[in-house]
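Accompanying notes for the structure given below.
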Amino acid sequence: MAKVIGSVVSTSKDSRLVSTKLLIVQRITEKLIPQGDVEIAVDSVGAGAGEIVIVSKGSSARNILDKHDAPIDAAIVGIVDTVEVNI
């Protein structure tokens, strides 16, 4: 999981990324605590700032967007409604 903490606007980018929405995400733990590095992910679900999201990585991220040869390593594939942890 990750939290959307911002967006990126890039008017000059790889042609395979044209018309994609780029968001800045911070990985979080199951207790919603920030963890790890911040990264840029392509949004496939219409997420916005402050939302908790599910991020797919690697070739799975490219396949979600049907952009198999695009330089995409992370894609937002879901918006989290609730998190329940039973430890």
Between side-chain atoms of residues 79-87 and protein atoms elsewhere (two or more places apart, or another chain), which donor-acceptor pairs fall under 3.5 Å?
none

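Ser44 and Ile76 make their closest contact through OG-O, 2.5 Å (heavy atoms, listed as atom of the first residue, atom of the second, distance). The shortest non-hydrogen separation linking Val25 to Ala2 is CB-CB, 3.9 Å. Here the closest heavy-atom approach between residue Met1 and residue Thr29 is recorded as CE-O, 3.7 Å. Pairing each heavy atom of Lys13 with each of Val18, the nearest pair is CE-CA, 4.0 Å. Closest heavy-atom contact between Gly48 and Val4: O-CB, 3.4 Å. Here the closest heavy-atom approach between residue Pro34 and residue Gln26 is recorded as CB-CG, 3.9 Å.
Residue-environment remark: CD1 (Ile28) exceeds the threshold of 12 foreign heavy atoms within 6.0 Å.
Tracing side-chain contacts under 4.5 Å through hydrophobic residues (I, L, V, M, F, W, Y), one reaches Val8 starting from Val38; they form part of the same cluster.
A search for side chain to side chain donor-acceptor pair (under 3.5 Å) contacts involving Asp14 returns Arg16, not counting sequence neighbours.
For the salt bridge (Lys or Arg N to Asp or Glu O under 4.0 Å) condition, the pairs that include at least one residue of residues 31-49, sequence neighbours left out, are Lys21-Asp43, Arg27-Glu39, Glu39-Lys57.
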Just do the side-chain contact (heavy atoms from CB on, under 4.5 Å) check on Val77 and Val55 with the steps written out, would you? CA-CA 6 Å; Val77 297; Val55 177; over 6 Å; no
